Amino acid sequence: ERYVAICMPLRHAELCSTRSTMHCILIIHGFSSVPCIVVLSTFFASASFSLYKQYSSCSVEIFMLHRWQDHVRSAVQQFYFLIMVIIIVFAYVKIMKVAKAASGEDKKSSWKGLRTVILHGFQLLLCLIQLWTPFIESTLLRFDLMLFAHVRLSNFILFGLTPKCLSPLIYGLRDETFFHALKNYEFFGLYKRNV
């Protein structure tokens, strides 16, 4: 959407309509659900009944009964990562070229646009790293359950929540009204703790 809005502004209304957005979301969900369906169907087809009665940690690794399932999952995750990196690099290089050309000689405007693009790129990088976290977590699950739980929570906060909260937080801090309200709240919070 950002690529279309910046690089093709005259076609933005046509390409980013509600209908085309819904089609894109359905296609993305369709492709992303295929590995889950394969893993679950092979689990239900080959798992013994005694496995359903066992206590185990809630993790996708309990559904990996065969080694090939783990290999397929790894290959799909790496394929997704590669495709997303190619798309993001292509889109953001084009966006930066258009933003630089649009700002012309105005260095302040050019730097402001570049900072915004870098922020959005950093958010997407954090989202991409989330595709690698299952490899780390599956390794830790074999060694230490508590370390696995701590790392999984940290990964969720760093790579799941942070990218979604980063932009509103930064834009909120740029807003003077919000910044002063936050400053007063923090000041009164520190004052009450000291009293």
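Values in this document were obtained by computation on a predicted structure and should not be read as measured data.
At least one donor-acceptor pair closer than 3.5 Å links the side chain of S33 to the backbone N or O of G30.
The CG atom of L126 sits 11.5 Å away from the CG atom of L161 when rounded to the nearest 0.5 Å. Between atom CD1 of residue I88 and atom CG of residue L124 there is a gap of 4.5 Å, rounded to the nearest 0.5 Å. The distance from atom CH2 of W132 to atom CG of N155, rounded to the nearest 0.5 Å, is 13.0 Å. To the nearest 0.5 Å, atom CD of residue E137 and atom CG of residue L147 are 10.5 Å apart. Here the straight-line distance linking atom CD1 of I129 with atom CD1 of I136 works out to 9.0 Å at 0.5 Å rounding. Of the inter-residue distances, the one linking H150 atom NE2 with L140 atom CG reads 11.5 Å to the nearest 0.5 angstrom.
No more than 12 heavy atoms of other residues, nucleotides or ligands sit less than 6.0 Å from atom CZ of F143.
Residues L131 and F79 share a hydrophobic cluster, clusters being chains of Ile/Leu/Val/Met/Phe/Trp/Tyr side chains in contact below 4.5 Å. Both F122 and L158 are part of a single hydrophobic cluster, where members link through side-chain heavy atoms under 4.5 Å apart. I87 and L128 fall within a single hydrophobic cluster, where Ile, Leu, Val, Met, Phe, Trp and Tyr side chains are chained together by heavy-atom contacts under 4.5 Å. F31 and V76 fall into different hydrophobic clusters, where Ile, Leu, Val, Met, Phe, Trp and Tyr side chains are chained together by heavy-atom contacts under 4.5 Å.
Using a 4.5 Å heavy-atom cutoff, the side chains of F148 and L145 are in contact.
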Checklist entry - Should W68 and T42 be marked as a side chain to side chain contact (heavy atoms under 4.5 Å, CB included) after you check the CA-CA gap, both sets of side-chain angles, and the distance that decides it? => result CA-CA 11 Å; W68 64 268; T42 55; 3.6 Å; yes
